[in-house]
There are 2 protein chains.
Amino acid sequence: MRYYKIPNETIRRLPIYLRALLIVTQQGKKEISSQELADLLTVKSTQIRKDFSFFGDFGKRGVGYDIEELVMHIKKILRLRDVRKAALVGVGNLGSAVLAYPGFKMYGFDIAAAFDCDCNKVGRKVKDIIIEDASNIQALKKHKIDIGIIAVPKDAAQQTADALVKAGVKGILNFSPCYIDVPKSIKVITIDIATDLARLSYYMPAR
Amino acid sequence: MRYYKIPNETIRRLPIYLRALLIVTQQGKKEISSQELADLLTVKSTQIRKDFSFFGDFGKRGVGYDIEELVMHIKKILRLRDVRKAALVGVGNLGSAVLAYPGFKMYGFDIAAAFDCDCNKVGRKVKDIIIEDASNIQALKKHKIDIGIIAVPKDAAQQTADALVKAGVKGILNFSPCYIDVPKSIKVITIDIATDLARLSYYMPAR
DNA sequence: CTTTGTGAAGTCCTTCACAGCC
DNA sequence: GGCTGTGAAGGACTTCACAAAG
């Protein structure tokens, strides 16, 4: 194996592979061939082998891949092996759904703090976390939290982002349907269902 | 302009352009150049012009594009011009967040029905919609609803999908972190934040 | 002078074809 | 026989460079 740069498209597929592998692990499977994995996803088996070849060759010819080893490698590439602490801002419906979502833990994220500006919510306990007042966001500097999750109404998104940046986060997951402006050393990922919705529409037959 | 096939990647970017255009429209802007749009997004201006050129040439040289016209064209390509009716299944935190999300309307989707299997919720009214019992999903056949939104716990996802297919939907938006099996004429889009999370992790500096 | 529209060149990614190994 | 690993070929998308138009 040569140490080529890993293509962006491969990085985009790794989480998809990871999810599938975690699901089949729960079903008790120990090994998987590129063909079996391909059947679960909409990807060709040669594509999968090529992708895996970028970070080592650990498949067994005639057999397939050891799932546990594969999961470990993918997590390493995606830097998911160490638990990363995240803070949630906005505990409305969306924020609550985020708190309840099991995927965070599965991917090595730990939501360690939650903030809201509604005094009725402040002090309430959700999943072992006490909701704090949003004006205390800067406090998370002490907690080694490096990810902020924005789940507030869009008019409050920018000021929330500013507060999070001030508090020292390095990455932001933004659920508000708007652009937010941050220093370019901060990585922002905006999740907007609308873009997926539009794709659903395109690929669906007309009524 | 020649009628080439529109590249997949262009289709993927169109919703992103659309969102940006809708945002600047709200700010009162009437025309925009490819460079201005590029500055808002992480895309090169030549890319934008090339993308737009696939579906006609309606830019004014020396000026830019008429935003209203552009929005109309993109909506046409993405088949978003006619309102599509959707049914939501599962009115928990996530489902409630979905109901409250303004993006649906903006993109021509109308959530016209909601279902849940919790009898405490059935009968309650949310945003002009009365929550119906999940066993009545087949009833939506009468309502010309062709999209189903799955926001139920993952163990109930497959049976919900089966019921929706039986009820005649043509597309499914799946928020459950699992694969669902449907006839291949049905388009399914699974939204799993975990994949975005993993990308956030990869592009963030190590702790 | 600004900005679009577009062939051509360049880059990146996917698929093929098959050698190598279990 | 079955499946991985990979150079090479092929295909898709992006960027360049510049002509054409307001």
Side-chain angles (χ1 to χ4, degrees), chain A residues 1-17 20-21 24 29-74 77 199 202-203, chain B residues 1-17 20-21 24 29-74 77 199 202-203:
Chain A
M1 177 239 178
R2 278 113 318 141
Y3 282 88
Y4 289 134
K5 182 195 160 294
I6 298 180
N8 272 315
E9 291 299 306
T10 297
I11 295 294
R12 218 176 62 187
R13 281 187 296 268
L14 288 182
I16 298 170
Y17 297 154
L21 292 169
V24 299
K29 224 167 151 46
K30 299 283 181 220
E31 287 178 319
I32 195 166
S33 70
S34 57
Q35 187 56 60
E36 285 176 289
L37 190 52
D39 291 342
L40 288 174
L41 311 166
T42 330
V43 179
K44 295 231 160 63
S45 67
T46 49
Q47 179 76 81
I48 291 174
R49 291 202 298 282
K50 180 70 99 184
D51 283 340
F52 290 169
S53 79
F54 287 114
F55 48 101
D57 44 284
F58 41 85
K60 288 195 198 74
R61 295 172 197 233
V63 182
Y65 299 87
D66 182 279
I67 295 179
E68 199 183 323
E69 201 180 345
L70 209 45
V71 165
M72 207 190 63
H73 275 274
I74 296 177
I77 299 279
R199 269 173 45 241
Y202 179 77
Y203 291 109
Chain B
M1 175 240 181
R2 277 113 321 152
Y3 282 89
Y4 290 133
K5 181 193 163 294
I6 298 179
N8 273 314
E9 290 300 306
T10 298
I11 296 295
R12 218 177 63 189
R13 282 187 296 268
L14 287 183
I16 298 170
Y17 297 156
L21 292 170
V24 298
K29 222 165 150 49
K30 298 284 183 219
E31 287 177 320
I32 196 167
S33 70
S34 56
Q35 188 56 58
E36 284 175 290
L37 189 53
D39 291 341
L40 288 175
L41 311 166
T42 332
V43 179
K44 294 229 159 64
S45 68
T46 50
Q47 179 76 81
I48 292 174
R49 292 202 299 281
K50 180 70 100 185
D51 283 340
F52 290 169
S53 78
F54 287 116
F55 49 101
D57 45 280
F58 41 83
K60 287 194 198 74
R61 294 174 195 230
V63 182
Y65 299 87
D66 181 280
I67 295 179
E68 198 183 323
E69 201 179 346
L70 209 44
V71 165
M72 206 189 63
H73 276 272
I74 296 177
I77 299 279
R199 270 174 43 240
Y202 179 77
Y203 292 109

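Note that this is a predicted model, so its numbers are computed, not measured.
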message: How long is the straight-line distance from CZ of B/Phe52 back to CG of B/Leu14, given to the nearest 0.5 Å?
response: 7.5 Å

- prompt: In whole angstroms, how far is the P atom of C/dT14 from the CG atom of A/Leu41?
  reply: 14 Å

- prompt: For B/Asp66 and C/dT4, what is the distance between atoms CG and P respectively, to the nearest whole Å?
  reply: 13 Å

message: Looking only at the side chain of A/Ser33 (C-beta and beyond, no hydrogens), which of the listed nucleotides D/dC13, C/dT14, D/dC3 gets closest?
response: D/dC3

task: Starting at atom CZ of B/Phe55, determine the distance to atom P of C/dT6, rounded to an integer number of angstrom.
output: 13 Å

query: Just to confirm, is there a sub-4.0 Å distance from OP1 or OP2 of D/dG22 to any side-chain nitrogen or oxygen of B/Tyr65?
result: no

query: Could you give the CZ-to-C1' distance, from B/Arg49 to D/dT14, as a whole number of Å?
result: 13 Å

query: Nearest of C/dG5, C/dT14, D/dC13 to any side-chain atom of B/Asn8?
result: D/dC13

message: Need to verify one output field. Residue with the more 5' nearest nucleotide on DNA chain C, A/Lys44 or B/Phe58?
response: B/Phe58

- prompt: Can you tell me how far P of D/dT14 sits from CZ of B/Phe52, to the nearest Å?
  reply: 14 Å

message: Nearest to the side chain of B/Gln47, heavy atoms from C-beta on, is which of C/dA17, D/dT14, C/dG5?
response: D/dT14

message: The side chain of A/Ser53 is closest to which nucleotide in this list: D/dG5, C/dA17, C/dT4?
response: D/dG5

- request: On DNA chain D, check which nucleotide each of B/Lys60 and B/Glu9 is closest to and give me the residue with the more 5' one.
  value: B/Glu9

field: Atom-pair distance (CG on B/Asp51; P on D/dA12), nearest Å
entry: 16 Å

- request: Find the distance B/Lys50:NZ to C/dG5:C1' and express it as a whole number of Å.
  value: 8 Å

- request: State whether the side chain of A/Gln47 and the backbone N or O of A/Lys44 hold a donor-acceptor pair below 3.5 Å, judged by distance alone.
  value: no

Separation of C/dC22 P from A/Glu31 CD (nearest whole Å): 14 Å

Options C/dC16, D/dA21, D/dT4, nucleotide nearest the side-chain atoms of A/Arg61: D/dT4

message: If we check side chain to side chain contact (heavy atoms under 4.5 Å, CB included) with A/Val43, which of these qualifies: A/Ile48, A/Ile16, A/Leu37?
response: A/Ile48

Phosphate OP1/OP2 of C/dT4: any B/Ser34 side-chain N/O under 4.0 Å: yes

- request: Could you tell me how the ring of B/Phe58 sits relative to the ring of B/Phe55: parallel (under 30°), tilted (30 to 60°) or perpendicular (over 60°)?
  value: tilted

statement: Residues A/Tyr202 and B/Ile77: closest non-hydrogen pair is CD1-O, 3.2 Å

